[in-house]
Amino acid sequence: MADKYVPQEIEPRWAERWEREELYRSVVDPDRPKFYALTMLPYPSGDLHIGHWYAMSPSDARARWLRMKGYNVLFPMGFDAFGLNAENAAIKRNIHPRIWTYKNIDNMRRQLRTMGAIFDWEREAVSSDPEYYKWTQWFFLQFYKNGLAYRAEAAVDFCPTCNTTLAREQVWGDDRHCERCGTPVIKKDLEQWFLRTTAYAEELLDHSQIDWPERVETMQTNWIGRSEGAEVTFRTEDGDPMEVFTTRPDTLWGATFMVLAPEHPLVEKVTASEQRAEVEAYVAAAARKTEIERTAEGKEKTGVFTGGYAINPVNNERIPIWVADYVLISYGSGAIMAVPAHDQRDFEFARQFNLPIRIVIQPDGMDDLNPDKMTEAWPGEGVMVNSGQFDGTDAHYSDDGKKNHAVSVVTAWLEEKGIGHGAVNYRLRDWLISRQRYWGAPIPIVYCDKCGTIPVPEADLPVLLPPDVDFRPTGESPLRYHEEFLHTTCPQCGGPATRETDTMDTFMCSSWYHYRYLSPLYDGGPFDPEESGYWMPVDQYTGGIEHATMHLMYTRFFTKAMRDCGVFEPTDAVARRLGRDTTHLYDEPMLRLYNQGMILGEPRPGDLIVARGAFDGEKFNAESVQVVPSLHDAPSPSDVLVAGEVMKRTETTLSVMSPDGRMVVVDTDEHTAFSIPGFGEDATINQIKHHLEVEKMSKTQGNVVAPDELVERYGADVVRGYLMFAFRWEQGGPWDSQGIQGVVRWLNDVWAVVVDGAPDGTSDPEAERDLRRKVHQTIRRVSDGLESFGFNTSVAALMELKNTLQDVKRDAHVSLATWDEAVGTMLLLMAPFTPYIAEELWQRTGHEFSIHNQPWPEYDPEIAAEDMITLVVQVNGKVRDRIEVPADISEEDAKQLALESDAAQRHMDGKEPRKVIFIAKRGMVNIVV
RNA sequence: GGGGAAGUGGCGGAACUGGCAGACGCGCAUGACUUAGGAUCAUGUGGAGCAAUCCGUAUGGGUUCGAGUCCCAUCUUCCCCA
């Protein structure tokens with residue numbers, strides 16, 4: 001066989017032709033159903049990661065499949081190009097972020113092209129282009145005009161490493177670290193810009209118009225954190241109102257003290273002079289703590305009595321006001337009524353400071369709670385006691401767990417009395433979008449001494465980033481020191497004014513990129529209504545789960561806010577003209593979402609070693625350490641010898657796990673002799689490899705897989721095929737550099753079986769039917785896999801069909817027509833997965849360009865049906881025999897055959913069958929004795 | 001602490017609504033071709049047993065003619081929330 005599969009030769013050739021003939025241009029076509037497929041846009045870090053391939057190539061396969069099924073498919077690509085990496089690189093290596101970014105984009109564009117995806121590059125959008133961020137700024141102005149953007153002073157999260165503030169969603173984990181760099185955040189009081197996401201809390205909770213993974217919906221629901229209760233107004237003795245939110249107004253009579261957050265504005269006023277010094281010291285100390293240090297349960301509670309008192313409006317009781325850092329100013333109103341009997345944190349606080357505890361809910365079927373003996377709060381249901389006229393009120397939740405009868409009754413009473421009202425509280429906060437960095441879209445606002453805060457007129461957009469800036473090693477934004485940028489004239493009075501120097505969170509840019517893709521060059525608005533009226537919304541979105549409460553919330557908010565600002569009005573006119581149903585058309589950006597998993601690093605075993613020396617207690621002092629190929633021939637362990645796998649390596653010690661699972665620490669010094677094959681006698685401990693756990697790929701771990709190298713070595717089809725075959729897409733898993741061979745063999749075999757031509761051509765009807773059956777069964781399995789994102793099963797089915805073709809070629813006789821049809825169908829089925837080889841072999845089998853414009857093969861259930869099946873005979877549910885029978889066997893015949901089976905007879909043990917069950921669709925009989 | 005997802009050969013993973021567990025592939029084993037093999041081809045490959053057969057989907061119960069799949073409890077891992 002002279003002609004071999006050389007992907008390096010065929011792939012660039014087809015890539016060039018597809019591009020030249022604009023095969024993948026997507027053009028509005030009202031006569032065809034549209035499908036907008038989208039995968040999350042990459043950040044231009046410089047190199048396409050294997051994770052990008054894993055996210056994009058299966059999405060591409062699915063988009064290609066839909067295309068062959070007759071949809072007008074749009075599958076665009078672009079870059080989320082603003083952000084800190086560029087700026088940090090600029091500081092470190094003295095390259096301008098723009099240069100760094102656009103160089104990276106060029107490289108990634110090239111890498112993306114090798115993938116062979118159907119990206120329509122005419123629609124590429126780059127968020128750092130002025131033509132793009134002009135519209136990001138424009139959106140900000142629309143939101144500002146509609147009251148959805150505002151500036152406020154607040155205690156905000158600040159990342160000291162990134163030197164900028166962060167949105168609440170970008171602070172992660174128990175230690176409240178920066179989502180980007182992992183540094184724990186600190187609190188700062190700053191004036192910042194916010195978008196009013198909380199205005200959409202209720203609508204964001206509603207996922208009824210979208211088909212998203214439950215996991216994401218749950219995460220968003222938790223994040224929004226809706227709780228129902230009441231807002232009650234307490235007053236200080238001086239009469240200053242203090243709003244308190246509680247989910248349990250039925251416990252109001254149990255409030256024995258109040259707690260203010262250290263940042264609460266009333267702290268200063270209520271503090272008595274003799275307590276002032278102590279309170280001020282406490283407030284200052286709290287400011288230095290992280291939120292998690294403050295609120296962790298189980299930690300010893302701290303707090304200080306202010307000396308002031310409040311009046312509980314339900315019973316006019318005088319209760320002390322404390323300051324404690326477990327109350328956060330950012331949640332609710334920053335003040336709580338403390339009900340120690342029924343709230344665990346209040347309980348701990350009361351115990352700590354000997355504050356009174358009063359029972360107001362008596363649980364069912366328990367002895368009366370005793371405040372002196374309780375070891376924890378009772379947060380559950382019961383009956384109201386010690387609560388005046390409400391004593392005896394039933395405080396149980398309704399069956400759905402949502403409504404508490406006592407809560408409703410008390411809330412109604414509060415409203416009647418005018419001391420409180422039913423209220424809903426959300427954990428969700430407004431989106432902080434100010435970033436004190438350079439490489440982002442400038443917030444289009446100027447500050448004028450005379451006129452105040454003035455938006456930049458739309459006609460003056462974009463507010464351009466000045467190119468000539470000096471980056472400071474601290475990361476502080478150079479815009480603050482750029483005189484020309486900073487000083488401007490007020491658009492209203494023409495007098496001197498200064499510009500806002502903060503830029504916008506890059507999640508602003510990525511909240512609407514799927515609209516910009518529709519018309520990246522359009523200048524009459526953020527997007528061309530002729531395009532959006534046809535294409536929007538996104539039909540299928542794919543990407544990682546890590547954005548569940550960030551990007552995926554922001555983009556939903558954005559679309560809803562755009563709708564309410566009237567941005568979609570021109571779109572609506574076009575959509576109606578096209579006869580589309582516009583109900584809910586502008587409510588959600590992406591109708592279906594699917595999350596793929598992550599490719600992890602390849603696990604690596606540690607070196608196997610034999611160490612000689614002596615034990616010193618638990619520790620083993622080694623005289624020599626020898627790396628061996630296997631432990632089979634190693635002498636057995638003893639007092640002077642340790643053998644096993646190196647699990648960990650530090651400067652002078654090796655943690656060695658012996659085959660029986662025992663860990664020994666082997667200590668070495670400068671006299672220890674190391675012998676490592678390939679390193680000669682000069683080897684050192686540093687050359688010994690240690691075990692590497694499966695984890696995220698990272699440069700420091702040395703477990704990064706470079707797609708460029710893989711493509712060069714195996715071709716893009718192999719890389720695509722392997723990524724789709726080897727993992728469950730939604731799950732991902734560790735890379736396996738050997739496993740890829742399976743896909744290499746698959747494509748080599750496909751090549752050989754197709755290029756070598758048909759078998760002899762003499763026809764055997766049975767073989768013909770078998771082959772055609774297999775082909776149609778494969779159509780079904782491949783289609784089902786694509787439909788359900790089960791790419792691995794689709795590829796498995798294609799491999800099976802290839803195996804069948806090999807067998808047919810060797811042993812069976814089929815006509816040329818049948819063979820050609822089988823081969824042609826296989827190539828069509830392969831086209832979404834491995835587009836290059838499919839195109840090449842399509843041409844070589846005498847078909848016209850291009851396979852990617854062919855319709856998807858039709859599945860015919862009649863051809864796919866088996867005519868013989870294996871009848872499984874069970875006795876008491878255990879398989880005892882298998883009999884070949886016609887597929888259309890009658891129930892009587894099947895039962896009779898089963899009962900006559902020797903093996904079944906043997907296991908029936910002479911007993912009479914009590915029942916015989918026949919399952920037609922499974923071809924099975926179960927005899928019960 | 002609350003909620004959710006998952007646990008199947010040495011490995012990645014199949015198994016549609018309860019119906020032949022382990023498809024497909026990696027690896028491994030044996031053989032062939034080779035100066036050679038990290039190439040290719042053939043055969044085998046869940047475990048135990050000479051065998052008939054038995055045991056096997058984290059563990060223990062349950063429902064069912066029949067359970068990887070449904071129910072209850074337990075253990076482990078991961079995620080989210082506190």
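What you see is a predicted model; the values in this text were computed from it and never measured. Here is the naming used below: chain letters follow the sequence lines, and residue numbers restart at 1 for every chain.
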Rounded P spacing from C20(B) to G31(B) in Å | 37 Å
- Task: Check every strand shown and say whether R810(A) touches a base, only sugar-phosphate, or nothing at a heavy-atom separation below 4.0 Å.
- Result: sugar-phosphate
### Task
Classify the nucleic acid contact of V872(A) as base, sugar-phosphate or nothing, counting any heavy atom under 4.0 Å across all strands shown.
base
note: L600(A), atom CG; G12(B), atom P; distance rounded to Å ~ 12 Å
**Prompt:** When only distance counts, do a donor and an acceptor, one from the side chain of N926(A) and one from the base of C65(B), lie under 3.5 Å apart?
**Reply:** yes
Rounded to whole Å, the CG-C1' distance (L798(A) to A14(B)) equals 15 Å
How would you label the contact of R882(A) with the nucleic acid (heavy atoms, under 4.0 Å): base, sugar-phosphate, or nothing? base
Using the C1' atom on both, measure C70(B) against C81(B) and round to a whole Å. 29 Å
For D784(A), report the nucleic acid contact type (base, sugar-phosphate, nothing); a contact means any heavy atom under 4.0 Å. nothing
To the nearest angstrom, the CG-C1' distance between N595(A) and C79(B) comes to 12 Å
Heavy-atom nearest nucleotide on RNA chain B taken for A726(A) and for A797(A); more 5' hit belongs to A726(A)
query: Looking at Q738(A), does any N or O in its side chain come under 4.0 Å of the phosphate oxygens OP1/OP2 on G27(B)?
result: yes
- Task: Ignoring hydrogens and angles, state whether a donor on the side chain of Y722(A) or D736(A) is under 3.5 Å from an acceptor on the partner side chain.
- Result: no
Expressed as a whole number of Å, how far does the C1' atom of A21(B) sit from that of A15(B)? 7 Å
Quiz item: Using a cut-off of 4.0 Å on non-hydrogen atoms, how would the nucleic acid contact of W746(A) be classed: base, sugar-phosphate, or nothing?
Solution: nothing
Open item on the list: By the 4.0 Å heavy-atom rule, please label R427(A) as base, sugar-phosphate, or nothing.
Closed with: sugar-phosphate
K878(A) NZ to G19(B) C1', in whole Å, measures 16 Å
When every non-hydrogen atom of P213(A) is compared with those of N595(A), the smallest separation belongs to CG-OD1, 3.3 Å
Would you say E884(A) has more than 12 foreign heavy atoms packed within less than 6.0 Å of its CD? yes
Rounded to whole Å, CZ of F727(A) lies from P of C26(B) at a distance of 15 Å
Checking N1-N3 plus N6-O4 or O6-N4 for Watson-Crick, or N1-O2 and O6-N3 for wobble, each under 3.5 Å, the partner of U30(B) is A42(B)
Rounded to whole Å, CE of M924(A) lies from C1' of G18(B) at a distance of 10 Å
| Taking the same atom, C1', in G60(B) and in A67(B), what whole-Å distance lies between them? | 16 Å
The residue, V928(A) or R780(A), whose nearest nucleotide of RNA chain B is more 5′ is R780(A)
